S.K.: 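This is the structure, below, for whatever I ask next.
Computed from a predicted structure; not experimentally measured.
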Amino acid sequence: MRTQYFVLGAAVAVSAFSYSEKTSAMESVADFNPAMSVIFDGLYYHDNVDGEGPDIIEEHNSALHSHGGHDHEHGELERGFNLRETELVLSGSVDPYFDAWLTASLSSEGIELEEAWFRSNSLPAGLQLKGGKFLSGFGYHNEKHTHSWDFIDQNLAYSSLLGDHGLSGTGLQMTWLAPTEHFWQAGLEVLQGSELERFGTQLDAADIADEIAAEFDPNGTGEFSEEELNLGIPSGPKLGVAFLRFGPDIGTEHALQLGLSAAHHNAMQSFHEEGTDAFVSEGAAHIYSAQAVFKGFAKSAFGKGSYSVQGEYMHFTSDQTATFHTNPAETGLPLALKQDAAYAQATYGFAPRWQVGVRSSAAGFNGSLREGNDSEDIQTSRQHSLALTWDATEFSRLRLQFNHNDIAIEDDNGNAGREKFNQVMLQYNLSLGAHGAHTF
Amino acid sequence: MKSIRYALRIFSLACFVAISQQALAINIFTCEPEWHALATEIAGSEANVYVATSANQDPHHVQARPSLISAVRRADLVFCTGGGLESGWLPVLLSKGSNPKVQRAPGLLLAAEQVALLEKPVLLDRAEGDIHASGNPHVHLDPRRILIIAEKLKDRLIEIDAKDANGYQKRFDAFHQRWQKNIQHWEQQAAPLRNTPVIVHHRSWSYLLDWLGIRQVGELEPKPGIPPTPAHLASLISTTQTEHAQLILFTRYNGDKAAKWLTQRSDACAVELPFTVGGDDDSASLDELFSRLIDALVTTQTNCKKSGAHD
């Protein structure tokens, strides 16, 4: 609640400031600080599974699938018109020592703070410190804001392991840029890790306890307390991230970046239901990732002839212990989860202002869920996408995207199955306000 | 044991050589080839001058690629156009470059902030296209403004690297002398161009036209930064007639399609010009760039008149 007021206050203050600036001294608008912009994003959505597409993808067979986690509070896509997050972005220099950035997502349900961070710009020796709530430097695509994506939706590999909004959190990041001709950057992050969607997800213990009491009633009294789940006391920081990036200087017309990242969460929790039994588990989790990006820049204006190719591979493991099981004999049983996920995509500017993109993602391969001596394989889900983008200017864009999905699912009885379906989306994305600079 | 000590000694020597070499020469990061040429001129051949873009890239649209971030990290001076031209990428380089030296003056020198700008917009509205709030940033095509910028650059270099002050002053004085003669020469050469009505692809030539007294009567882009549309081009046919436009100016990354289209439907002649140093084979230096620009304009004008009289 307090954050909401702060954001509103800041927005009002800035708009008042901009108004007075505009009327008094037009030329100073160029040096406007802070820069403010509003991103409008909406789409028309259709699928051939009665609008169940987003739910099927959300529920795909995955080692990270758990009930009762922290769901992100955004509306699901419906068939027809959808207004996605309208984002308010404020950024600028605080003083000679710090920059700050704020992204708030506005919807009819209220305001949600997505990012609020500061970054030092006066540390010596190529060091930079970032603090607050921010998108992690893990991977390549993770730090990209939704409006600079090449596709409308998140790729399946990220959705499966990190969630639709990627890996983000509250904490500190330190990066070091080497004083070398080629780009070498190393980064370390320590994050609270308590609001994650998939990797490192935390259970709402009170909710789970109520559900167990209602559906399983292990005490035979109709009551069950969250203490009986024996989950660790949720305190942080729980998430650590490390990354290394390398980008050789290969001239003005091409660019290459390679990266390795690792994320460690020390208390990932999950809740599983298996027929008449249910259990809750907790333990450390890891993701290792490798990324490569190659881009070619056009000599002609408006992006004709520009292209990009990028791919990321991620490997997830987690060793958990059943802290509570409805069958008391199985409490304390080890649970080993693992799965891989990857995507590759390419874009090409085939005409001025027009871009075509293809993307292929997969999640769940090399995956298994081992509980004590029982092991169950995770089935692979796949998604293939084709996107056509028209950039009217740097500030407005229309995009048409087609997805073919082949999703592994599990029905209520635990039987494996597959859902094959198509999705079509038409999106507009507008940016009102400051000219945004984009990272590589 | 001996070999380890020996290896260590070699290693520390190599480190020392590498570090001292780096420390000796000043590192200048330039955004565009014209500033690369000017910085090399004033800072001398011993300076490490890095250029972010090549001549045939549109400087409005450049990506903040990783190697540029590394180059900014090592820079003692960042020398760019400013005025909003690089607003899509330079802020990222400065913020990710982790280099406190180049966040502001003296380590940051923006050419457009050193001279008076043309075309300052009365109304700041994106509906008018890609308008730069402080005015047209393409200042490098006026050699008189280049001279002012060269002097500011010399002052900055002396401020940053006082031990080499004499060298910077000497090189600037030599440039100043040569450049004033050049300007006189070019102005004489370009005398026939005075008051010639021309059409430009984008507002990239305003400073050149202003210097030489050439009149701009139309733009192929309907609004700055919006590519030519058939309807807008059609409207330019009558403009070329009523205004007697003789030349249509464009550069390689604009593409020649729109300019050719209009030449086929009017008496005006299209002329492809290098936008900066290295823009074609005949503009390898700042001096050559201006000679080439004026030569191309005068020659095209002369030939165009001839063929026009022929009809």
Side-chain angles (χ1 to χ4, degrees), chain A residues 22 26-32 93 96-97 99 119-128 175-185 245-257 295 297-304 306 352-353 392-395 432 434-440, chain B residues 22 50-58 60-74 82-84 86-101 103-104 117 120-124 126 129-130 132-135 201-202 223 225-227 251-255:
Chain A
K22 266 190 183 167
M26 187 67 86
E27 58 274 17
S28 64
V29 179
D31 309 310
F32 214 50
S93 315
Y97 309 107
D99 293 336
R119 180 173 55 202
S120 71
N121 56 24
S122 60
L123 290 184
L127 293 169
Q128 261 188 347
T175 58
W176 178 66
L177 185 61
T180 47
E181 182 190 343
H182 302 305
F183 175 83
W184 282 101
Q185 188 193 46
R245 297 185 183 125
F246 168 61
D249 190 354
I250 50 174
T252 56
E253 279 158 35
H254 301 95
L256 171 70
Q257 185 178 294
K295 294 188 187 182
F297 309 118
K299 280 192 170 180
S300 57
F302 304 108
K304 187 188 173 198
S306 291
R353 310 203 276 178
T393 64
E394 288 161 89
F395 305 99
L432 173 68
H435 189 299
H438 286 296
T439 53
F440 177 77
Chain B
Q22 266 196 330
Y50 185 93
V51 60
T53 57
S54 68
N56 287 311
Q57 277 175 325
D58 185 345
H60 293 93
H61 305 284
V62 168
Q63 287 220 15
R65 54 181 202 276
S67 51
L68 294 185
I69 296 173
S70 284
V72 166
R73 156 84 166 94
R74 287 171 292 133
E86 303 100 344
S87 60
W89 51 286
L90 185 57
V92 173
L93 301 184
L94 293 177
S95 67
K96 296 240 165 181
S98 314
N99 183 349
K101 276 191 290 188
Q103 301 296 321
R104 59 195 69 83
L117 299 188
K120 200 166 270 192
V122 185
L123 178 69
L124 262 188
R126 288 254 170 76
D130 186 16
H132 300 285
S134 45
H201 186 105
H202 175 73
K223 303 250 158 91
I226 309 278
T251 195
R252 194 169 299 167
Y253 58 73
N254 297 142

S.K.: Would you mind checking which part of F246(A) comes under 4.5 Å of any heavy atom in chain B, side chain (CB onward), backbone (N, CA, C, O), both or neither?
M.R.: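 Neither part; nothing is under 4.5 Å.
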
S.K.: Among R65(B), R252(B), R73(B), which residue has the highest count of heavy-atom pairs closer than 4.5 Å to chain A?
M.R.: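 Most heavy-atom pairs within the cutoff with chain A belong to R73(B).
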
S.K.: Within a strict 4.5 Å, meaning less than it, do heavy atoms of the Q103(B) and P96(A) side chains meet?
M.R.: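 They are not in side-chain contact.
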
S.K.: Taking side chain as C-beta onward, heavy atoms only, is L177(A) less than 4.5 Å from R74(B)?
M.R.: no

S.K.: Checking Q185(A) against chain B: side chain, backbone, both or neither under 4.5 Å from a heavy atom?
M.R.: neither

S.K.: Looking only at heavy atoms and a cut-off of under 4.5 Å, which of E181(A), K304(A), R119(A), E253(A) has the most pairs with chain B?
M.R.: E181(A)

S.K.: Which region of K295(A), side chain (C-beta onward) or backbone (N, CA, C, O), has a non-hydrogen atom less than 4.5 Å from a non-hydrogen atom of chain B, or is it both or neither?
M.R.: side chain

S.K.: Chain B heavy atoms under 4.5 Å from T393(A): which part of the residue, side chain, backbone, both or neither?
M.R.: side chain

S.K.: At their closest point, which heavy atom of G247(A) faces which heavy atom of P66(B), and how far apart are they?
M.R.: CA-CB, 4.1 Å

S.K.: Using atom types as modelled and distance alone, determine if a side-chain donor or acceptor of Q63(B) lies under 3.5 Å from a backbone N or O of F297(A).
M.R.: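 Judged by distance alone, no pair lies under 3.5 Å.
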
S.K.: With respect to chain A, which residue among N56(B), V51(B), D58(B), N254(B) yields the maximal number of heavy-atom pairs within a distance under 4.5 Å?
M.R.: N56(B)

S.K.: Search all heavy atoms of Q57(B) against all heavy atoms of T252(A) and return the closest pair with its distance.
M.R.: NE2-O, 2.8 Å

S.K.: For K101(B), does the NZ atom have more than 12 heavy-atom neighbours from other residues, nucleotides or ligands under 6.0 Å away?
M.R.: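 Atom NZ in K101(B) is crowded, with more than 12 foreign heavy atoms closer than 6.0 Å.
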
S.K.: For chain B, which candidate among H182(A), Q257(A), R353(A), H254(A) shows the most heavy-atom pairs at distances under 4.5 Å?
M.R.: R353(A)

S.K.: Can you tell me which of A125(A), A255(A), G126(A) forms the most heavy-atom pairs within a distance under 4.5 Å of chain B?
M.R.: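 Maximum pair count with chain B is reached by G126(A).
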
S.K.: Heavy-atom pairs under 4.5 Å with chain B: which of S306(A), A392(A), G251(A), A298(A) has the most?
M.R.: G251(A)

S.K.: Could you look at R245(A) and say if it's the side chain, the backbone, both or neither that has a heavy atom under 4.5 Å from chain B?
M.R.: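 Looking at R245(A), nothing touches chain B.
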
S.K.: Atom OH of Y253(B) and atom CZ of F302(A): how far apart are they, to the nearest 0.5 Å?
M.R.: 10.0 Å

S.K.: Does any heavy atom of chain B fall under 4.5 Å from the side chain of W184(A), the backbone, both, or neither of them?
M.R.: backbone

S.K.: Is there side-chain contact between D99(A) and S95(B), with heavy atoms separated by less than 4.5 Å?
M.R.: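 Touching, per the 4.5 Å side-chain cut-off.
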
S.K.: Under a 4.5 Å heavy-atom cut-off, does chain B meet the side chain of L123(A), its backbone, both or neither?
M.R.: backbone

